[in-house]
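Both backbone and side-chain heavy atoms feed into the values below; hydrogens, waters and symmetry mates do not.
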Amino acid sequence: MLAQSVTPFPVPSPRFIGAGTPMRDLVQAHRWEDTPLGAVADWPASLRTAVSIVLHSAHPMFLWWGEEMIQIYNDAYVPCFGVGKHPGALGQEGRRCWPEIWPIIGPQIEAVRAGREACWYADNLVPIWRNGRIEDVYWSYTYTPVFDERDRVGGVLVVCTETTAQVLAERRRHTLDLLARRLLGCHDEAEVRAAIGQAAVDNPGDLLEVTLLSGGEDVARPGADLLVIRAAELQLGADLALAFGLSPRLPLDGAYRQFLEQFTATVCATLSRLQSDRALAQAMAESEQLNNDLHLSSRIKDEFLAMLGHELRNPLAPIVTALKLMKLRNPDSDTAHEQEVIQRQVDHLVRLVDDLLDVSRIASGKVELRRETVPLADVLNKAIEMASPLLEQKQHRLLVDVPTVRWHGDPARLAQVVSNLLSNAARYTPAGGHVTLATRIKGGTVQIQVTDDGLGISPQLLPHIFDLFVQGNRQLDRAKGGLGIGLALVRNLVQMHGGEVSAYSAGEGRGSTFTLTLPDSVVADTAPPAPEPEPKAEPCGGTRVLVVDDNQDAADSLGELLGALGYRALVAYDPAHAIALATEGMPELAILDIGLPGMDGFELAGHLRRLPGGAALKLVALSGYGQENDKTRSRQAGFAAHLVKPINIADLQLSLS
């Protein structure tokens with residue numbers, strides 16, 4: 001009988017080890033008989049149970065067994081090794097596998113073996129060798145004793161979780177929070193650099209050093225352990241960069257780089273804020289300086305215009321006074337025509353000065369409307385009266401539609417506005433033309449139109465016709481225009497009344513129409529109050545009047561005019577002479593020029609009042625300055641009246657009465 005070959009049956013794998021995963025297969029294939037643990041078949045039940053728990057767990061687990069601390073671990077633990085220890089660590093003695101951390105874990109293991117009590121460690125730093133270097137690794141783990149058959153600690157079971165990512169994330173978040181708080185209080189780049197340096201001191205684990213590079217500055221020491229992150233890479237648009245000294249115990253992974261980028265972005269945002277703050281502060285300083293310059297320029301302009309008005313009125317005063325004297329002394333003189341020419345031109349000069357000062361006062365907010373309720377017809381008739389000399393001179397035909405309504409506003413200013421428009425119409429309309437003043441009333445709104453058939457307005461000029469110093473074509477006749485401020489004054493005064501003004505013209509040579517709209521200004525018709533009688537000058541009866549003016553022509557002509565009116569005039573050209581005349585005999589009245597040299601009119605008034613009999617002296621101020629604050633100052637100084645050069649004879653008589 002022939003012998004038959006027998007095929008041996010495969011030895012089944014121990015069920016407590018299992019199969020089908022890399023670590024189970026490695027444990028099955030390992031030559032355990034070459035280790036202090038011996039063959040698997042000889043393992044005691046306690047070891048088998050512990051290994052079964054480790055290899056069948058989905059959580060990272062590690063087992064040390066016996067006096068030599070032979071190692072067995074599961075698939076879930078393998079990633080914790082990194083590169084370098086696995087798979088050589090399987091079956092290896094613990095001390096040989098972990099020399100770099102044995103000073104840390106060795107005492108912990110021995111404490112468990114000796115005390116037979118489990119120990120728990122949370123987020124504990126246990127740096128291990130992996131990936132070719134010592135890395136800072138954080139773990140939460142427990143050491144649990146495993147008892148053998150003789151009721152002794154046969155091994156130590158480790159259930160662990162690596163928490164490096166969480167610990168580093170929290171540490172880096174805290175660093176960024178501290179950095180942001182410090183940077184919030186920084187005022188310049190030096191303080192920013194100090195905050196960066198302190199961040200490196202607070203977190204040496206992530207930041208060995210941090211250097212701020214600005215203006216294209218290069219890295220002082222290039223190397224593999226240095227990372228430069230530029231603001232441009234983060235789309236921050238600044239010429240800035242931060243150079244970071246990298247930790248050799250941490251991998252430069254995505255989380256590490258993201259932290260450094262956030263650090264860079266926080267610093268760059270602060271530097272951008274400081275730059276914006278500096279730019280804003282500089283802009284505000286420049287704006288403040290500009291405002292100061294504008295205020296200074298405005299004040300200088302106002303002072304110049306006031307001085308200009310004063311200087312223009314000074315020579316006008318004796319001219320007007322002399323003209324009035326000529327009319328008083330010889331009303332039927334053969335120079336009557338020449339006197340009328342002089343009167344018209346002087347009136348024109350006075351009007352120009354008044355307009356110039358009005359524009360200045362309105363622009364600086366120094367004009368206040370004196371509103372009252374009056375018949376609108378009275379206001380428009382006053383405007384016509386003011387413009388009539390020019391209308392008559394040009395022989396224009398004026399058509400008027402005057403309503404019988406009562407109007408609330410400043411009658412003097414509205415008359416000024418309408419007379420200005422009428423004068424413009426007369427000035428820019430050829431002789432013998434037509435000018436119309438028409439009104440429309442709709443509810444509480446009054447609309448006033450001034451229309452002419454004169455030179456018209458070009459389309460290019462029309463949008464700017466109400467701007468200051470804008471004038472039409474005056475090449476043919478410069479005498480037609482003024483200073484280019486009349487229409488600007490019209491617009492300002494109308495706007496102060498809450499209204500608006502517009503201009504229309506079909507083109508040059510086709511006339512023009514100006515329309516004023518004044519809303520909510522018509523008052524329900526009621527019986528007007530009885531007009532107060534005009535004050536009349538009482539006979540002077542030879543009253544002595546002291547005239548003091550450093551302009552000798554003005555002083556002499558005013559003295560002569562007073563004499564023609566029946567007063568006894570005493571004329572002085574300086575304060576000393578005036579005091580001497582008053583000392584000889586105190587007059588009843590004194591007309592004092594405010595702008596006297598050496599001692600102004602206010603000081604002279606004080607000296608005169610302190611002389612014997614001076615307490616009863618009536619004082620009248622005379623000045624080329626006619627703004628409201630000038631008149632207020634005169635009243636506060638005790639002057640009974642403030643006359644503006646050139647003097648209106650009716651105002652003069654009223655102030656002396």
Side-chain angles (χ1 to χ4, degrees), residues 3-102 105-119 126 128-130 139 141-160:
Q4 296 180 348
S5 61
V6 179
T7 302
F9 291 100
V11 179
S13 302
R15 288 186 63 190
F16 77 90
I17 294 176
T21 69
M23 278 311 300
R24 293 173 186 173
D25 293 342
L26 280 176
V27 172
Q28 290 279 9
H30 195 74
R31 292 179 58 82
W32 293 105
E33 57 270 19
D34 296 337
T35 70
L37 298 184
V40 172
D42 299 330
W43 285 3
S46 57
L47 176 57
R48 287 170 174 259
T49 301
V51 170
S52 174
I53 292 172
V54 170
L55 293 179
H56 287 82
S57 174
H59 194 87
M61 287 189 179
F62 199 99
L63 177 65
W64 283 301
W65 193 265
E67 294 294 332
E68 295 83 4
M69 298 303 230
I70 302 304
Q71 303 177 150
I72 300 173
Y73 48 91
N74 62 6
D75 292 277
Y77 187 87
V78 171
C80 299
F81 281 115
V83 177
K85 291 185 183 292
H86 175 74
L90 182 64
Q92 191 177 22
E93 295 181 10
R95 188 184 296 273
R96 290 181 56 195
C97 181
W98 305 104
E100 72 275 16
I101 61 172
W102 203 255
I105 67 174
Q108 296 172 350
I109 296 169
E110 289 303 321
V112 173
R113 286 167 58 86
R116 300 186 179 186
E117 293 291 339
C119 295
V126 184
I128 65 173
W129 178 270
R130 69 180 180 185
W139 309 85
Y141 56 95
T142 183
Y143 286 159
T144 304
V146 180
F147 294 90
D148 60 16
E149 285 71 12
R150 292 178 291 180
D151 202 28
R152 294 183 302 181
V153 178
V156 176
L157 177 65
V158 184
V159 180
C160 61

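A donor-acceptor pair under 3.5 Å is formed between the side chain of Asp25 and the backbone N or O of Gly20. A donor-acceptor contact shorter than 3.5 Å is absent between the side chain of Arg95 and the backbone of Trp102. A donor-acceptor pair is defined here as one N or O able to donate and one able to accept, closer than 3.5 Å; no such pair exists between the side chain of Trp32 and the backbone of Ala41. Proximity of a side-chain donor or acceptor of Arg48 to a complementary backbone N or O of Ile17 within less than 3.5 Å is not detected. Arg130 contributes a side-chain N or O that, together with a main-chain N or O of Cys80, makes up a donor-acceptor pair within less than 3.5 Å. Without hydrogens or angle criteria, Asn74 side chain to Met23 main chain gives no donor-acceptor distance under 3.5 Å. No donor-acceptor pair closer than 3.5 Å links the side chain of Arg116 to the backbone N or O of Val153.
Of all heavy-atom pairs between Ala76 and Ala58, the closest is CB-O, 3.4 Å. Summarising the geometry of Ile109 relative to Met69, their closest heavy-atom pair is CG2-CE, 2.7 Å, with the distance given to 0.1 Å. Here the shortest heavy-atom pairing between Val112 and Cys119 reads CG2-SG, 3.9 Å. The two residues Ile72 and Val54 come nearest to each other via the heavy atoms O-CG1, 4.3 Å. Closest of all the heavy-atom pairs between Thr35 and Gly91 is CG2-O, 4.1 Å. Annotation for Gly154 and Trp65: closest pair O-CD2, 3.5 Å, computed over non-hydrogen atoms.
In this structure, CG in Leu157 is found 8.5 Å from OG1 in Thr142, a value given to the nearest 0.5 Å. The line from CD1 of Ile53 to CG of Leu63 is 9.5 Å long, rounded to the nearest 0.5 Å.
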Practice prompt. Show your working on side-chain contact (heavy atoms from CB on, under 4.5 Å) between Val40 and Phe16 and close with a plain yes or no.
Written response: CA-CA 11 Å; Val40 172; Phe16 77 90; 3.6 Å; yes
Fill in: From CA spacing to verdict: side-chain contact (heavy atoms from CB on, under 4.5 Å), Gln71, Lys85
CA-CA 12 Å; Gln71 303 177 150; Lys85 291 185 183 292; over 6 Å; no
Item to complete: Kindly indicate, with the supporting measurements, whether the criterion side-chain hydrogen bond (donor to acceptor under 3.5 Å, both in side chains) is fulfilled by Tyr141 and Gln108.
Response: CA-CA 11 Å; Tyr141 56 95; Gln108 296 172 350; 3.0 Å; yes
Worksheet entry | Criterion side-chain contact (heavy atoms from CB on, under 4.5 Å) on Ile105 and Trp64, from CA distance to verdict | CA-CA 12 Å; Ile105 67 174; Trp64 283 301; 3.9 Å; yes
Item to complete: Show your reasoning for whether side-chain contact (heavy atoms from CB on, under 4.5 Å) applies to Gln92 and Ile70.
Response: CA-CA 5 Å; Gln92 191 177 22; Ile70 302 304; over 6 Å; no
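Classification of the Tyr73-Phe62 ring pair by plane angle, with boundaries at 30° and 60°, yields parallel.
Using a 4.5 Å heavy-atom threshold, the side chains of Met61 and His56 count as separate. For the pair Trp43/Val51, a side-chain contact is recorded, criterion being any heavy-atom separation below 4.5 Å from C-beta on.
Screening residues 143-159 for side chain to side chain donor-acceptor pair (under 3.5 Å) gives Ser46-Glu149 as the qualifying pairs, with residues at least two apart or on separate chains.
Trp98 and Phe81 have their aromatic ring centers within a separation under 6.0 angstrom.
Between Arg96 and Glu68, none of the side-chain N atoms (NZ, or NE/NH1/NH2) sits under 4.0 Å from a carboxylate O, so this pair counts as no salt bridge.
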